[in-house]
Amino acid sequence: MATTIRAICYKSKVLSNGESPLMLRITKDRKLKYVSLGVSVNPEHWDFSKNQPKAECPNRDYIELLIADKLKMYTSKIVELKATSCEYTSDSLVEQVRTKRVKLVNVEDILTKHINDLIESNRRRYAQTFTQLKVSMEKFRGHLKIPFSEIDLKWLREYELFLRKSNLAENSIGVRIRSLRVIYNVAISMDAVSSELYPFKKYKVSKLHQETSKRALSRDDVERVINYSTSDRFMRLPIDIFAFTYYCGGINFVDIAHLTKDNIVDGRLIYKRQKTKKLIKLPLQQQALALIEKYHNEESPYLFPILSPFHQTEIQKANRIHKVISNVNDRLKRIGADLGLPITLTTYVARHSQATVMKRAGVPTAIIREIMGHSSERVTQIYLDSFDNEQIDQAMKNLL
């Protein structure tokens, strides 16, 4: 007797959300076997005559794709069993399909997993980029229980228009779309979508870019910031962090926060960037050493009073760093305004300024990249490791 498989709405059972579960009903030898599809619908949104969701059914596209995928899996297994003259029951059929079942993942599944993977890898700030993407896409689409195949050229253009209507800056729109491209590539690697459907072949992300406003100061203006005189003791740490950033190759605030006494070896600052995990080795200028000595505290292993032994977990550290850098940048902004600087003053300005000062002094770009710990220029990094300490030491003297 032929085996029949139908998708049904099991309306005799009502779940806590008021909906009924969707099931596959397998009939063989007059025996019925029900298999849950893992989703539910309101019976009002189900066409019982055609055994399919109605046009107004929420998540209709996803449900239809899910049903088609499950039917294909069971039909393929039946064909395989018949071709090899293997006997089977409805129970054994379900068991054999389950052992080979591949979970259908949607956009929400993969995006959530990617965010969690980044958090577990202590890349929390990068994870925030994808969290922002998730929130943005949910506002645009309503939900993300959709297959990646739905994200086509038309979808991307409509999403871009949505972002523009949300008054996002051009570069912010670019970040959202590039992050989505990353997730789409992850989905391809997980076989959640075919590479043939890749929409970014026609949709060019490179167009979403605008020139970033100037973020660098001249050496004279840097000195004005470092020598800024104030009776407010709370202004001193922001100035010193700015100075340390400048004297130490544009070291990132997050990396400064994690520095301990163990990072000082034979008069050099040796650390791994939190962002790229690249090992950085820099000479400690006298000015930088003086700042380290200024904040020396026997009761804390950290060089600066940002983190303390109290901050044990990664979440505690991340929250503390976020709080301090917000205060530091707020006070630097006030200092910059008081000095009449042409740009808003932040710790990042110190990082950008030291690179610009060295570039204007004729230091090769490749050496500057080495000092700053950039990792995006992969080809350059292949030979950057060949620069010895003497070359880097000489380059950083241009900061003084």
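Just the heavy atoms: all of them, side chains too, but no hydrogens, waters or symmetry mates, feed the values below.
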Salt-bridged, [X] to [Y], with N to O below 4.0 Å?
X      : Y      : value
Asp117 : Lys113 : yes
Arg176 : Glu160 : no
Arg236 : Asp240 : yes
Asp330 : Lys333 : no
Asp47  : Lys54  : no

If I compare all heavy atoms of [X] with all of [Y], which pair ends up nearest, and what's the gap?
X      : Y      : value
Ala288 : Cys248 : CB-SG, 3.8 Å
Leu237 : Tyr295 : CA-OH, 3.5 Å
Val205 : Gly174 : CG1-O, 4.3 Å

query: Hey, quick one: are Leu71 and Val39 part of the same hydrophobic cluster, counting side-chain heavy atoms closer than 4.5 Å, chains of contacts allowed?
result: yes
query: Hey, quick one: are Met73 and Tyr34 part of the same hydrophobic cluster, counting side-chain heavy atoms closer than 4.5 Å, chains of contacts allowed?
result: no
- request: On the 0 to 90° scale, with breaks at 30° and 60°, tag the Phe130-Tyr126 ring pair as parallel, tilted or perpendicular.
  value: perpendicular
- request: Over 60° means perpendicular and under 30° means parallel, so classify the ring planes of Tyr198 and Tyr184, tilted if in between.
  value: perpendicular
Geometric cation-pi criterion, Lys28 with Tyr88: 6.0 Å, 45°: yes
- request: Please find out if less than 6.0 Å separates the ring center of Phe253 from that of Tyr348.
  value: no
field: Check: Trp155 ring centre within less than 6.0 Å of Phe148 ring centre
entry: no
field: Passing option when Ile335 is tested against Thr230, Ile239, Asp232 for side chain to side chain contact (heavy atoms under 4.5 Å, CB included)
entry: Ile239
- prompt: For Arg164, does the CZ atom sit with more than 12 other heavy atoms under 6.0 Å from it, leaving out its own atoms?
  reply: yes
query: In this structure, are over 12 heavy atoms from other groups packed under 6.0 Å from Asn17 atom CG?
result: yes
